[in-house]
Every structure is written in C-alpha cells, then in structure tokens.
Amino acid sequence: MPFEESLKREGVISYGLSSYGYDIRIAREFKVFVPTPYNAVVDPKAIDKGSMYDYQGDRCVIPPNSFVLGRSVERIRMPENVLGIVVGKSTYARCGLVLNTTPLEPGWCGHITLEISNTTPLPAVVYANEGIGQILFFEGDERCEVTYASRNGKYQNQTGVTLPRIET
C-alpha cells in the first residue's frame with residue numbers, strides 16, 4: 001500500500017502496476033553517505049552513523065561516486081508462494097544511478113530499504129514519490145516450507161530507512 005492499478009507517467013518517472021511487476025516509488029526520507037575526514041570504513045557489522053546524514057525532501061542529490069539509502073513509499077506483503085526481485089529502472093540507469101537488486105522472500109512484509117549508487121563523477125538527483133525500481137514476481141507451484149515470516153527474518157515489518165542488522 002498505497003497501490004496504483006496502472007502505470008503513472010504524467011511528467012514523472014513511472015510507477016504502478018506494469019505487465020509482470022509493480023514499479024515502486026521512493027519516499028522522501030534518505031540517508032546520504034558522505035566522505036569523512038578520518039578514513040571511516042563502511043562495515044555492515046558496525047555501521048558508522050557519522051558517515052551519513054538524514055535528509056527529507058522532494059529530491060535528493062547523491063554526491064559523486066557515493067550512494068544513498070531510501071525506502072519505498074509502498075508497504076509490500078509477499079504471499080507465501082511468491083518471490084519478488086527488485087531491479088532498477090532504466091531511466092535512472094541511463095544517468096549512472098544503480099539500484100541494488102533486492103530479493104523479497106515469500107512471507108516478507110514491510111517497506112523496502114533501497115540502496116542507490118551514483119557511479120558518475122557528478123552529483124545526481126533522485127526524485128521522491130516517483131518510480132525508482134520494479135518488483136518482478138515469481139510464483140511457485142506451492143507454498144514454501146519456511147517463509148521469511150516463519151523464520152523471524154531480521155528485516156520483517158521494517159519501517160523507515162533500515163540500516164544493516166546483525167542478529168546476536
């Protein structure tokens with residue numbers, strides 16, 4: 001939710017229901033990574049919150065050769081017999097912006113945390129509340145034995161932009 005029954009394109013990067021998938025939008029909240037003066041390392045087991053800042057707005061400028069985290073506007077609930085794969089939209093790819101491919105396992109639900117890399121030597125813009133990626137759906141013949149929900153996956157029901165989590 002919120003669900004758009006048709007692909008919207010009126011002066012925006014498209015979003016909504018497509019032929020075999022759903023084009024998701026990126027929300028107005030971002031975590032922007034910036035260079036730090038003390039040679040910080042991005043470590044998924046101990047993320048340094050000082051190497052990023054929170055930003056909210058209708059457009060987000062991604063620094064050159066950097067990346068941002070965002071989240072989908074839509075809250076997704078995957079059926080127990082469907083796998084989703086999030087891929088980037090070609091409109092952004094043609095500008096050097098790459099959306100990380102993300103699996104949505106059967107039984108998972110929540111907002112999708114999105115990782116967008118700017119591969120160019122120039123600042124690049126991402127527009128909030130417009131299309132950022134597409135979920136491709138793959139239906140299994142039956143419900144899988146162990147769903148993301150049944151194994152209590154660490155990103156189940158995530159809201160907001162979610163940083164890496166390590167289970168202890």
Side-chain angles (χ1 to χ4, degrees), residues 1-33 44 47 55-60 62 67-120 124-167:
M1 289 293 194
F3 179 76
E4 290 292 337
E5 290 186 22
S6 62
L7 211 53
K8 307 289 183 190
R9 292 183 210 176
E10 302 162 16
V12 301
I13 299 171
S14 62
Y15 61 91
L17 190 61
S18 60
S19 302
Y20 286 99
Y22 187 88
D23 288 19
I24 57 172
R25 293 171 284 175
I26 191 161
R28 298 181 75 249
E29 59 189 86
F30 302 89
K31 291 193 181 294
V32 181
F33 283 73
I47 197 81
Y55 174 78
Q56 288 195 4
D58 292 330
R59 52 183 246 152
C60 179
I62 305 173
F67 76 105
V68 299
L69 296 176
R71 73 159 176 93
S72 62
V73 168
E74 296 83 2
R75 184 174 187 280
I76 305 296
R77 179 179 301 276
M78 295 302 296
E80 294 182 344
N81 67 328
V82 176
L83 172 73
I85 303 290
V86 179
V87 296
K89 292 183 70 70
S90 66
T91 299
Y92 279 121
R94 294 166 197 227
C95 296
L97 294 173
V98 178
L99 183 69
N100 184 61
T101 302
T102 302
L104 304 178
E105 295 185 42
W108 179 84
C109 69
H111 288 102
I112 305 166
T113 293
L114 303 164
E115 307 84 11
I116 305 138
S117 297
N118 176 2
T119 65
T120 75
V125 175
V126 171
Y127 292 93
N129 294 308
E130 295 189 21
I132 190 70
Q134 183 180 61
I135 305 172
L136 304 174
F137 298 104
F138 300 92
E139 183 177 14
D141 292 335
E142 56 191 49
R143 179 186 179 275
C144 63
E145 284 186 32
V146 180
T147 68
Y148 197 83
S150 69
R151 68 178 167 88
N152 297 316
K154 62 185 173 182
Y155 298 113
Q156 185 73 336
N157 294 313
Q158 68 187 10
T159 60
V161 178
T162 305
L163 292 173
R165 295 179 179 161
I166 301 299
E167 294 179 349

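In this chain, numbering begins with 1 at the start of the sequence shown. When reading the values below, keep in mind they use all heavy atoms of this one structure, side chains included, and skip hydrogens, waters and symmetry mates.
- Crowding of Arg165 atom CZ: a count of heavy atoms from other residues, nucleotides or ligands under 6.0 Å exceeding 12.
- In terms of heavy-atom proximity, Gln134 sits nearest to Ser18 at NE2-OG, 2.7 Å.
- Here the side chain of Ser72 pairs a donor or acceptor atom with the backbone of Glu74 at under 3.5 angstrom.
- Minimum interatomic distance between Ser14 and Leu7 (heavy atoms only, all atoms of both residues): CB-CG, 4.0 Å.
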Would you mind writing out the side-chain donor-acceptor pairs for residues 137-145 within the sub-3.5 Å range, not counting sequence neighbours?
from, atom 1, to, atom 2, distance (Å)
Glu139, OE2, Asn81, ND2, 3.4
Arg143, NE, Glu80, OE1, 2.2
Arg143, NH2, Glu80, OE1, 3.2

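- Taking 4.5 Å as the limit, some side-chain heavy atom of Gln156 sits within range of a side-chain heavy atom of Tyr148.
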Where do Leu69 and Leu163 land on the side chain to side chain contact (heavy atoms under 4.5 Å, CB included) test, with the steps shown first? CA-CA 8 Å; Leu69 296 176; Leu163 292 173; 3.7 Å; yes
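- Annotation: the span from Ile85 atom CD1 to Leu83 atom CG amounts to 4.5 Å, rounded to 0.5 Å.
- To the nearest 0.5 angstrom, Tyr92 atom OH is 14.0 Å from Ser117 atom OG.
- Of the candidates Ile26, Ile132, Ile24, Ile112 forms a side-chain contact (heavy atoms from CB on, under 4.5 Å) with just one, namely Ile24.
- Rounding to the nearest 0.5 angstrom, the gap separating the CG atom in Asp23 from the OH atom in Tyr15 is 11.0 Å.
- The closest side-chain heavy-atom distance from Glu105 to Arg151 is below 4.5 Å.
- When all heavy atoms of Gly107 and Ala149 are compared, the pair lying nearest together is O-CB, 3.4 Å.
- Judged purely by atom type and a 3.5 angstrom limit, Ser90 has no side-chain atom pairing as donor or acceptor with the backbone of Ala93.
- For the residue pair Ala128 and Gly57, the shortest heavy atom distance occurs at CB-O, 3.4 Å.
- The two residues Cys95 and Thr120 have their closest heavy-atom pair at O-CG2, 3.4 Å.
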Apply the test side chain to side chain contact (heavy atoms under 4.5 Å, CB included) to residues Val73 and Arg28: give CA-CA distance (whole Å), side-chain angles for both, the deciding distance (0.1 Å), then the verdict. CA-CA 8 Å; Val73 168; Arg28 298 181 75 249; over 6 Å; no
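- Taking 4.5 Å as the limit, every side-chain heavy atom of Asp58 sits out of range of all side-chain heavy atoms of Tyr127.
- Residues Tyr22 and Leu17 form a side-chain contact, since some pair of their non-hydrogen atoms from C-beta on lies under 4.5 Å apart.
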Checking Cys109 against Met78 for the side chain to side chain contact (heavy atoms under 4.5 Å, CB included) test, could you report, in this order, the C-alpha distance in whole Å, the side-chain angles of both residues, the deciding distance, and whether it holds? CA-CA 6 Å; Cys109 69; Met78 295 302 296; over 6 Å; no
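- With salt bridges taken as basic N to acidic carboxylate O contacts below 4.0 Å, none links Glu130 and Lys89.
- Between Arg77 and Asn157, the side chains place no donor N or O within less than 3.5 Å of an acceptor N or O (distance only, hydrogens not considered).
- A 4.5 Å side-chain heavy-atom check between Val86 and Thr101 finds every atom pair outside the cut-off.
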Using the rule given for side chain to side chain contact (heavy atoms under 4.5 Å, CB included), can you reason through Phe30 versus Ile62, listing the C-alpha separation, both sets of side-chain angles and the distance that settles it, and then say yes or no? CA-CA 10 Å; Phe30 302 89; Ile62 305 173; over 6 Å; no
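- Note that the CZ atom of Arg71 and the OG1 atom of Thr113 stand 9.0 Å from one another [nearest 0.5 Å].
- Side-chain atoms of Tyr55 come within 3.5 Å of backbone N or O of Arg59 as a donor-acceptor pair.
- You'll find the side chain of Thr162 reaches within 4.5 Å of the side chain of Tyr155, heavy atoms only.
- Between Cys60 and Val68 the shortest heavy-atom distance is SG-CG1, 4.1 Å.
- The side-chain heavy atoms of Leu114 and Leu99, taken from C-beta on, include a pair separated by under 4.5 Å.
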